[in-house]
**Q** 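A single structure is presented below for examination.
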Amino acid sequence: MINIEKIRNEPELFKKAITDKKVPLELDRLLELDRLCRDLIGQIELLRQQRNHISEIIADEPDNRNELIDKSRILGKELANKESKFQNLETEFKKLMALVPSLPLIGVPKGDTDKDNVEISRWGSVIQKDFRIKDHLELALIHGLADFEGARNIAGSRAYALTGNGALLELAILRLALDKILAKAFTLISPPLLVKEIAMFGTGYFPLGEDNAYELQKDKFYLTGTSEVGIVSIHMNKVFEANDLPKRYVGISPCFRREAGAAGRDTKGLYRVHQFQKIEQVVFCTNNDEIARVEHTALLKNAEEILQALELPYRVVVMCTAEIGLGQVYKNDIETWMPSRQDYCETHSCSSFHNFQSRRLNIRYRNEKGEKAYIYTLNNTAIASPRILIPFLENHQNADGSIYIPKALRPYLNGLEVIRL
RNA sequence: GGAGAGGUGGCUGAGUGGUCGAAAGCGGCUUCCUGCUAAGAAGUUAUACGGUCAAAAGCUGUAUCCAGGGUUCAAAUCCCUGCCUCUCCGCCA
């Protein structure tokens, strides 16, 4: 939850963020509820004070005991009345509070769609091949890297199975990415993927993203769409010592996404699937904007190094206001070149939250003065598969249909240099 | 899935309806003493939000003994639900 005092003091800033991020929230109603609640809680505390005072006297067995008990009873009725009124107001207040976005940092471009994102860098050259290129589906088919038909029969649309070298290739890429991150002193976590609502809410995926999560109704669990959810939320209510920070984690997990709202989009192939594997970087740091910025840049660089090792051309973009989520203050996507699409497409997403998540989950640290302050959180993809297999297969195909294996990956594939037909 | 036990402050742990935000011990902090690195003495020590104040301190109000609901004039204490931990049985990768 955003600090209500900040909202009271600078409502215009939040109104702008609400508009820019396109959040369905009426801030004036929230502020009105805040006033009503505060006024009512004042009245309630006064009544409680009176009742507590009378209770103390009753305990001393005075002569007019019964009289006092009657008086307390009347106070109690009035209290109950106001308390239930308060509860209703507070419920609505909390619901609206959950929708208050974090403020985008200066430098986040204002915009409505991904067309408004701003490219800031490129790496690698996009080579237009002098032969007819095959898309990843065709390549997967001729090499036997994936089975779509069988998977879809039992798991529905967007399902896939990686087979043979396809599965080995995925494992190799994941392990390469993991090793690159581990070399930078990150702590590996394989977190819970089946979590309670508080974890989804606390990391900011709920309430607005509820349609995108798989829900296990019988047990009231949700399947996480990224290991970030488990990694961040297992620290709920924790207080770090300042010298524990920054704490850097790398997560590994399957990820589950309903892709609601994307019905009919990207239904072919490995681009938009319900289940995938991801290596994820997550960082906790002190509540210092400059430190967070440095960490953000480092997370971005780590991901870029992985793509460079895989010899895949990519570009980095700054996401515009409508494309960053409720909680993010700044976000970069890395888009990797996909020949079949003749475009750079999202493969990585690097987000800074400042204290948006830590306030929801009550994750703090003790600063130099001994005071508790909310930490900052950040995260970025290291690698996500099978989407990354699209640029991998398509960029590395040769005229004869074989697939080139970049040098850095060969140790993970028993020295394999080319996947031949 | 079945049966049982439990969840109290930084930690251990007492408290079965009012005098309890909570005994005692440990730990922490402050001061003193002694002097030689550890021991002694005294005091102090929960959190959040509000009021008072220029501000801090202090004083003061409310809430908090896992969470939510209920009983009662009054709940850490009684009742219900949920969550978590532990033990036994069953099932199982």
**Q** Indicate whether OP1 or OP2 belonging to B/U72 is found under 4.0 Å from a side-chain N or O atom of A/Arg73.
**A** no

**Q** Which one is paired to B/A41, where only Watson-Crick or G-U wobble pairs with both distances under 3.5 angstrom count?
**A**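 Base-paired to B/U31.
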
**Q** Quantified in whole Å, what is the P atom distance between nucleotide B/C65 and nucleotide B/G18?
**A**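 Pairwise P distance, B/C65 against B/G18, rounds to 16 Å.
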
**Q** Please report the distance separating the P of B/U34 from the corresponding atom of B/G28, rounded so that it comes out in whole Å.
**A**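 Looking at atom P only, B/U34 and B/G28 are 23 Å apart.
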
**Q** Does the structure show a Watson-Crick or G-U wobble partner for B/A76, both distances under 3.5 Å? Name it, or say none.
**A**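 For B/A76, the partner nucleotide comes out as none, under the 3.5 Å rule.
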
**Q** Between A/Asn52 and B/A63, is there a contact of a side-chain N or O with OP1 or OP2 at under 4.0 Å?
**A** yes

**Q** When both hydrogen-bonding distances must be under 3.5 Å and the geometry is Watson-Crick or G-U wobble, what is B/A67 paired with, if anything?
**A**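 Partner of B/A67: B/U81.
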
**Q** Write down the distance between CG (A/Asn362) and P (B/A67), rounded to a whole number of angstrom.
**A**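 A/Asn362 atom CG is separated from B/A67 atom P by 14 Å.
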
**Q** Is B/C36 paired to anything, Watson-Crick or G-U wobble with both distances less than 3.5 Å, and if yes, which nucleotide?
**A**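 Paired with B/C36, as far as the under-3.5 Å criterion goes, is no nucleotide at all.
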
**Q** Below 4.0 angstrom, N of the basic side chain to O of the carboxylate: do A/Glu10 and A/Lys6 qualify?
**A** no

**Q** Provide the Watson-Crick or G-U wobble partner of B/G1, both distances under 3.5 Å; none if there is no partner.
**A** B/C89

**Q** Is A/Glu5 paired with A/Arg8 through a side-chain N to carboxylate O contact shorter than 4.0 Å?
**A**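 No.
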
**Q** Assess A/Arg341 against A/Tyr271: is NZ or CZ under 6.0 Å from the centre of the six-membered ring, and within 45 degrees of the ring's axis?
**A** yes

**Q** How many Å lie between CD1 on A/Ile4 and C1' on B/G50, as a whole number?
**A**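 Rounded to the whole Å, the gap is 15 Å.
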
**Q** Rounded to whole angstrom units, what separation is found between the CG atom of A/Leu79 and the C1' atom of B/A63?
**A**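 Going from CG in A/Leu79 over to C1' in B/A63 covers 13 Å.
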
**Q** Looking only at side-chain atoms of A/Glu5, point me to the closest of B/U62, B/G50, B/A74.
**A**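 So the nucleotide nearest the side chain must be B/G50.
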
**Q** Which nucleotide, in any strand shown, forms a Watson-Crick or G-U wobble pair with B/G25, with both distances under 3.5 Å?
**A**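 Looking at the geometry, B/G25 pairs with B/C11.
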
**Q** What integer number of Å spans the C1' atoms of B/U71 and B/U12?
**A**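 Comparing C1' positions in B/U71 and B/U12 gives a spacing of 33 Å.
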
**Q** Measure the distance from NZ on A/Lys77 to P on B/U72 and round it to the nearest whole Å.
**A**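 Result: 10 Å.
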
**Q** Determine the interatomic distance between P on B/A48 and the same-named atom on B/G9; round to the nearest Å.
**A**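 These two P atoms come out 16 Å apart once rounded.
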
**Q** Under a 3.5 Å limit for both distances, which nucleotide forms a Watson-Crick or G-U wobble pair with B/C59, could you say?
**A**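 Per the H-bond distance test, B/G51.
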
**Q** Measure from CD1 on A/Ile41 to C1' on B/A48 and round the result to the nearest Å.
**A**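 Between C1' of B/A48 and CD1 of A/Ile41: 13 Å.
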
**Q** Please classify the nucleic acid contact of A/Arg38 as base, sugar-phosphate, or nothing, using heavy-atom distances under 4.0 Å.
**A** nothing

**Q** So, OP1 or OP2 of B/G68: does either fall under 4.0 Å of a side-chain N or O from A/Gln87?
**A**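 For B/G68, neither OP1 nor OP2 has a side-chain N or O of A/Gln87 closer than 4.0 Å.
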
**Q** Is the centre of the A/Phe206 ring less than 6.0 Å from the centre of the A/Tyr222 ring?
**A**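 Yes, the ring of A/Phe206 comes within the 6.0 Å limit of the ring of A/Tyr222, centre to centre.
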
**Q** For the pair A/Glu92 and A/Arg29, find out whether any cationic side-chain nitrogen is under 4.0 Å from an anionic carboxylate oxygen.
**A** yes

**Q** If B/G17 has a Watson-Crick or G-U wobble mate with both distances under 3.5 Å, name it; if not, just say none.
**A**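 Check on B/G17: unpaired, no WC or wobble geometry under 3.5 Å.
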
**Q** With rounding to the closest Å, how many angstrom separate the P atoms on B/C32 and B/C26?
**A** 23 Å

**Q** In terms of side-chain geometry, is the basic nitrogen of A/Asp289 or A/Arg293 positioned less than 4.0 Å from the acidic oxygen of its partner?
**A**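 Answer for the salt bridge query: no.
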
**Q** A/Glu45 side chain: which of B/C73, B/G18, B/G61 is closest?
**A** B/G61

**Q** Does this structure show an ion pair linking A/Glu295 with A/Arg248, if we count only N-O contacts that are shorter than 4.0 Å?
**A**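 Looking at A/Arg248 together with A/Glu295, the answer is yes, because their closest N to O distance falls below 4.0 Å.
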
**Q** Provide the distance between the two C1' atoms, one in B/U47 and one in B/C66, to the nearest whole Å.
**A** 16 Å

**Q** Quick one: on RNA chain B, does A/Ile69 or A/Arg364 contact a more 5' nucleotide (nearest heavy atom)?
**A**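 Residue closer to the 5' terminus by nearest nucleotide: A/Arg364.
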
**Q** Is it true that A/Lys22 and A/Asp112 have a side-chain N and a carboxylate O under 4.0 angstrom from each other?
**A** yes

**Q** Would you measure the distance from the C1' atom in B/A54 across to the matching atom in B/C49 and give it in whole Å?
**A**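 Between the two C1' atoms, the distance is 22 Å.
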
**Q** With respect to the side chain of A/Arg48, which nucleotide from B/U62, B/G50, B/G18 is positioned closest?
**A**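 Per side-chain heavy atoms of A/Arg48, the pick is B/U62.
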
**Q** Rounding to an integer number of Å, can you tell me how far A/Gln50 CD sits from B/C73 P?
**A** 18 Å

**Q** Is A/Lys196 close enough to B/G82 that one of its side-chain N or O atoms is under 4.0 Å from OP1 or OP2 there?
**A**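 So the side-chain polar atoms of A/Lys196 never come under 4.0 Å of the phosphate oxygens OP1 or OP2 of B/G82.
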
**Q** Judged by each residue's nearest nucleotide on RNA chain B, which is more toward the 5′ side, A/Arg51 or A/Asp60?
**A**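 Checking each residue's closest nucleotide, the 5'-ward one belongs to A/Asp60.
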
**Q** On a whole-Å scale, what distance lies between the P atoms belonging to B/U77 and B/G15?
**A**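 Pairwise P distance, B/U77 against B/G15, rounds to 15 Å.
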
**Q** Whole angstrom is fine here: how far is it from CG in A/Asn66 over to P in B/A74?
**A** 15 Å

**Q** Over how many whole Å does the gap from A/Ile198 atom CD1 to B/G68 atom P extend?
**A**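 About 13 Å, once rounded to whole Å.
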
